[in-house]
Amino acid sequence: MLTLKTWIVQALFIFFTTESVGELLEPCGHIKPESPVVQLGSNFTAVCVLKEKCMDYFHVNANYIFWKTNHVTVPKEQYTVINRTASSVTFTDISLLNIQLTCNIRTFGQIDQNVYGIRIISGLPPEKPKNLSCIVNEGKKMMCQWDPGRETYLETNFTLKSEWATEKFADCKTKRDIPTSCTVDYSPVYFVNIEVWVEAENALGKVTSDHINFDPVDKVKPNPPHNLSVSNSEELSSILKLTWINSSIQSFIRLKYNIQYRTRDASIWSQIPPEDTASSRTSFTVQDLKPFTEYVFRVRCMKEDGKGFWSDWSEEASGITYEDNVASF
Amino acid sequence: MSHTEKKKNPKPSEKNLRVGLADGIIKASPEPRLALPLRQPPGEEPRPAGPAPGPMDLRAGDSWGMLACLCAVLWHLPAVPALNRTGDPGPGPSIQKTYDLTRYLEHQLRSLAGTYLNYLGPPFNEPDFNPPRLGAETLPRATVNLDVWRSLNDKLRLTQNYEAYSHLLCYLRGLDRQAATAELRRSLAHFCTSLQGLLGSIAGVMAALGYPLPQPLPGTEPTRAPGPAHSDFLQKMDDFWLLKELQTWLWRSAKDFNRLKKKTQPPPAAVTLHLEAHGF
C-alpha cells in the first residue's frame, strides 16, 4: 500500500516537472517533408535533422542515424550523410501505399532511440474522366455520370461543372460514397444549350474531362403514360381501343410511343409497328385481334425525334374483345 | 397565322396610352379578348390548385432603393458576347429553339401564376377578375396594333422582345416574396433562371443575324418605385399585372418567333420555280 502511494507520487512528480520543463519530451530532431504524398513508382528522399542539444547529450552525429520503414531497417546504401547534423534516405520506385518512415539513432553503441517519424502516402494522380453522359428524369433535376478511370488510392474529389454561354451554374460536388455521378442543384431549363464537364482532383494532380454541350430537352426520360384503359367494340370483335393520359411534358415536347400487347396467357409481347405510333396521341385502336379474348397492353413514350430516353412502361391494362357475331356451327 | 390574329385582336379603339420603353411608333390596343387574365384557354388542363395563401404581409418601402439599384446594375450588365458557333447552319435552329423556349415558359408560367395568385389571395385568384390597368405604366406592353406588329422589321422585333424580357426579369426578381412558401420561392427562382435563358437565346439569334444587342439608354432603367400612397393592395395589383404582362409577352413572342422562323425558311414558291425551270 505504501509503495503504491510512493510510486504514484513519484509518477505525478515526473509528469508535472516534465510538463513544465518540457525538455525530456521534445523530439531529438525532425524529418522533412512532414506528410508527403508521393506518386507510385517515383523516387522519394527524406532528410532527418538532429538537434544540437540531442547530439551533445547522446554524443552522436548524423553518422549514427539509421532509417526504418514499417519497422524494417533500411539498407545503408540508401543513406546519404549530408553534414554533421543531417542525413537523408532515398527510395526509388515506391510501390507501397502507406509507409511509416522513422529516423533513429544508435546511442552508446547499443541503445536505439527514435528521433522522429513520418507517414508516406502514395497513390496516383487522377485519370481524365470519360464517357460523361447526362439524363433528366421528367420532373427531377439533371443527373450526370462518368467513368472515373483507374484507382488512385487517394481521396479524389470529382466536381461536375455546368454553364450556359451567358451564365455559370453552381458546382456539383459528388458525395463520398458515390463518386461517379452527381445530381445538380437546379431545375433544368429546356431549350437552352448547356455545357457540362467533370474535374477530378487529388493531392497529386487535377484533370478535366472533355466538355459536352447539349440541350437538356434532348436528354429527357419522360414519365410513362398513365390511366391506361381498354375498351371494346360491339360492332367489331377484332379490335380494342386503348386510351391513356400523357404526362405533362407533352405540353412542350412531341412524343412517340411503343405499344405492346399479348394475350393473357402468352409470355412474349407483340409490338405495334413504331411507324404507327410515331407522334403524340392519347389513344390507339389495335386491330386484327382474336374475338372474345383477353389482351394485356402496355405503353411507353419518348421524345418524337428519338433524342433522349424511353420512359418506363406504363401500368398494364387489359380488355376483352367482343364476341364474334357470326354464329359458329 | 393572320386570320387567328384578327380573331384575337379586335379593331382597336384609338386609345392613346403612354408609350412603352421600346419604341415611339407603338400604340397599345385594348387587351385581346381571348387572353383573359391568366385563365386557361379552353380544352387544356385546369389551373392547378395552389397552396393556401400565406399571410398578407407584403412590406413596402425600404427595399425600393435597393431594388432600384439592383435593377440599374442588372440593366447595365455587359452585353452578351456573340456566341461562337462553327459550322453554323444559320439562325434557323436557334430561332426554333427560342420559339420552343417561349412555349416552355408559357407552360411554366401557367402553374407558377396559379400558385402565386392564390398566394396573393382574393380577388386576384378569382377566375373572372379583370381589373382596369391601374399603375404598372412602366411595364413593357406586349399588345400592339396588328398592322404595326406585322410591319416590324426583324431587328426591331427582336430588340423589343429582348428589352421587354430584360425589364420583366428585373421586376420579377424584385417580387417581394418573404412571406411565400419555400416551394413558391423555388418556382419563382427557377422561372427567373428560365427567363435569363430566354434572354440569352434571343441574344444568340440577334448575334446570328448580325444585329447589335440593345444597350440601355441612360435614365430608362426600370425602377419599381411606388407612389407615396402605394398600399399593399396596389402592390399586389402590380404583381398581378406583372404576371399578366409576362403571359401576354410569352404569347406574343411565340408569334414573333414563328414569324421569324417562316422568314428564314426558303419559301416553297422558290422551289416550285426551280422545278419549272427544269421543265417539270
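Residue numbers begin at 1 in each chain, while the letters A, B, ... track the order of the sequences. Side chains are part of it too, since the values below use all heavy atoms of this structure and drop only hydrogens, waters and symmetry mates.
Heavy atoms of other residues, nucleotides or ligands lying less than 6.0 angstrom from CZ of A:R150 number more than 12. Summarising the local packing, CZ of A:F292 is surrounded by 12 or fewer heavy atoms from other residues, nucleotides or ligands at distances under 6.0 Å. Heavy-atom contacts from other residues, nucleotides or ligands closer than 6.0 Å to CD of A:E315 number 12 or fewer. Counting non-hydrogen atoms of neighbouring residues, nucleotides and ligands closer than 6.0 angstrom, the CG atom of A:D185 reaches no more than 12 such neighbours. Other residues, nucleotides and ligands place no more than 12 heavy atoms under 6.0 Å from the NZ atom of A:K241. Within a 6.0 Å sphere centred on NZ of A:K140, heavy atoms belonging to other residues, nucleotides or ligands number 12 at most.
Contact record, A:S248 with B:H107: O-CE1, 3.7 Å, taken as the closest heavy-atom pair. B:Y104 and A:P188 make their closest contact through OH-O, 3.2 Å (heavy atoms, listed as atom of the first residue, atom of the second, distance). The two residues B:T193 and A:W164 make their nearest non-hydrogen contact at O-CH2, 3.2 Å. Minimum interatomic distance between B:S194 and A:V189 (heavy atoms only, all atoms of both residues): OG-CG2, 3.7 Å.
Annotation: side chain of B:Q196 is not in contact with side chain of A:V192 (no heavy-atom distance under 4.5 Å). The shortest distance between side-chain heavy atoms of B:L105 and A:F191 does not fall below 4.5 Å.
Residue A:Y186: no heavy atom, backbone or side chain, is found under 4.5 Å from chain B.
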